[in-house]
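Working notes, beginning with the structure itself.
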Number of protein chains: 2
Amino acid sequence: MRSIGRLARETGVKVPTIRYYERVGLLPEAERSAGNQRLYDAAAVRRLAFIRHARELGFPLDAVRDLLRLADEPERSCAAVDAIARRQLVEIRRRLARLEALEGELARMLAQCEGERIADCRVIEVLGDLALRSDQPAAEDEAANTPG
Amino acid sequence: MRSIGRLARETGVKVPTIRYYERVGLLPEAERSAGNQRLYDAAAVRRLAFIRHARELGFPLDAVRDLLRLADEPERSCAAVDAIARRQLVEIRRRLARLEALEGELARMLAQCEGERIADCRVIEVLGDLALRSDQPAAEDEAANTPG
DNA sequence: CCTAACTGCTGTAGCGACTGGAGCTTCAAG
DNA sequence: CTTGAAGCTCCAGTCGCTACAGCAGTTAGG
């Protein structure tokens, strides 16, 4: 049995984050010591490590929850697991495509700027002009969610 | 002079978002009609369009604020503008690198999975195992912020 | 002139995934 | 026994919106 601090060191997940995961139901409520401190066994280490790695791969917490549930049913087909992972891969590729487009536009903007007065600044000019030309109402959002 | 709804249509920025931008100081407080409704002139259209395009390029609102301030001082050197844009480019490249790594790992994981029982699922296995091998406490965060 | 439908107003709360702080208690080492 | 680190709970804040409730103003048709 280990304290929350030791669990944090062993898994690389911060203490407040562990408490947060418990609060939102990703981790079961921990046993407590006589003095009301959380105690964790080896299974908790494995579960939290699983969560951490899934988060590093960018799975949202809801997907992690589903994966954990599936991981506990070893006899079922892993089709559901694959579907979650494939969805995540599609999402990551969508973000990649968007970021690549942004990168190109920003780099082009910067390359054209001569570094003189703001009145002649290409960056400012592009930000002003392109916007007026833009005809489509909006793009996709690009919110990411990946931990440390 | 135009209503907030017309401004929204002209710029592709949603009405509540415009009010939000006013609230957080990106847009000046709008004039009001006799009946207390916001009224916007052509300058407001340009300013909001500028904001929208900067947001599409992924600049956080704080950076947009700085860019707007700089855009209003045409005689100053655009070095500060370039610095903001370069920082944003660096940030986007950092995210790109991270997403590319995720994409690779996810794709590898999925390619190895035979689609049988969860007990044999490579995806679940990798999520469990890699995490235990991970020795570094953490990676970088990856929060994005880009509008529609 | 009246009414319906639309658009606008304010204020507050919620999203995801944490992070940080206040103010307290418990624990391990010396 | 004392000290300081680590633990506890609860609440607020982050970012950039978005949604809702419950009103008021505006506009087009009859």
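Order of the sequence lines sets the chain letters (A, B, ...), proteins ahead of strands, with each chain counted from 1.
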Would you kindly compare G5(B) and P16(A) by the position of their nearest DNA chain C nucleotide and give the one closer to the 5′ end?
G5(B)

Would you compute the distance between atom [atom1] of [X] and atom [atom2] of [Y] and round it to the nearest 0.5 angstrom?
X: F59(B); Y: D66(B); atom1: CZ; atom2: CG; value: 10.5 Å
X: Y21(B); Y: R52(B); atom1: OH; atom2: CZ; value: 10.0 Å
X: E73(B); Y: C78(B); atom1: CD; atom2: SG; value: 13.0 Å

Distance check needed: [N] [atom2] versus [X] [atom1], whole Å only.
X: L61(A); N: dT19(C); atom1: CG; atom2: P; answer: 11 Å
X: Y20(A); N: dG21(C); atom1: OH; atom2: C1'; answer: 18 Å
X: I51(B); N: dC17(D); atom1: CD1; atom2: P; answer: 10 Å
X: E31(B); N: dG8(C); atom1: CD; atom2: P; answer: 17 Å
X: R23(A); N: dC10(D); atom1: CZ; atom2: P; answer: 10 Å
X: I4(B); N: dT10(C); atom1: CD1; atom2: C1'; answer: 12 Å
X: L26(A); N: dC18(C); atom1: CG; atom2: C1'; answer: 12 Å
X: E22(B); N: dC17(D); atom1: CD; atom2: P; answer: 15 Å

Taking all atoms of both residues into account, what is the closest heavy-atom pair of [X] and [Y], and its distance?
X: Q88(B); Y: P60(B); value: OE1-CD, 3.7 Å
X: A54(A); Y: V64(A); value: CB-CG2, 3.8 Å
X: R98(A); Y: E56(B); value: NH2-O, 3.1 Å

Which donor-acceptor pairs under 3.5 Å do side chains of residues 37-44 of chain A form with protein atoms, sequence neighbours excluded?
from	atom 1	to	atom 2	distance (Å)
R38(A)	NE	E22(A)	OE1	2.9
D41(A)	OD1	A43(A)	N	3.2
D41(A)	OD1	A44(A)	N	3.1

When we call it a touch if two heavy atoms are under 4.0 Å apart, what does R38(B) touch: a base, just sugar-phosphate, or nothing?
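Result for R38(B) = sugar-phosphate.
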
So R32(A), base contact, sugar-phosphate only, or nothing? Heavy-atom distance under 4.0 Å.
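Here R32(A) touches the backbone only, sparing every base.
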
All N/O contacts under 3.5 Å from nucleotides 26-30 of chain C to the protein, with atom names and distances to one decimal?
from	atom 1	to	atom 2	distance (Å)
dC27(C)	OP1	G35(A)	N	3.3

Below 4.0 angstrom from OP1 or OP2 of [N], is there any side-chain N or O of [X]?
X: K14(A); N: dC18(C); answer: no
X: T17(B); N: dT18(D); answer: yes
X: R19(B); N: dC9(C); answer: yes

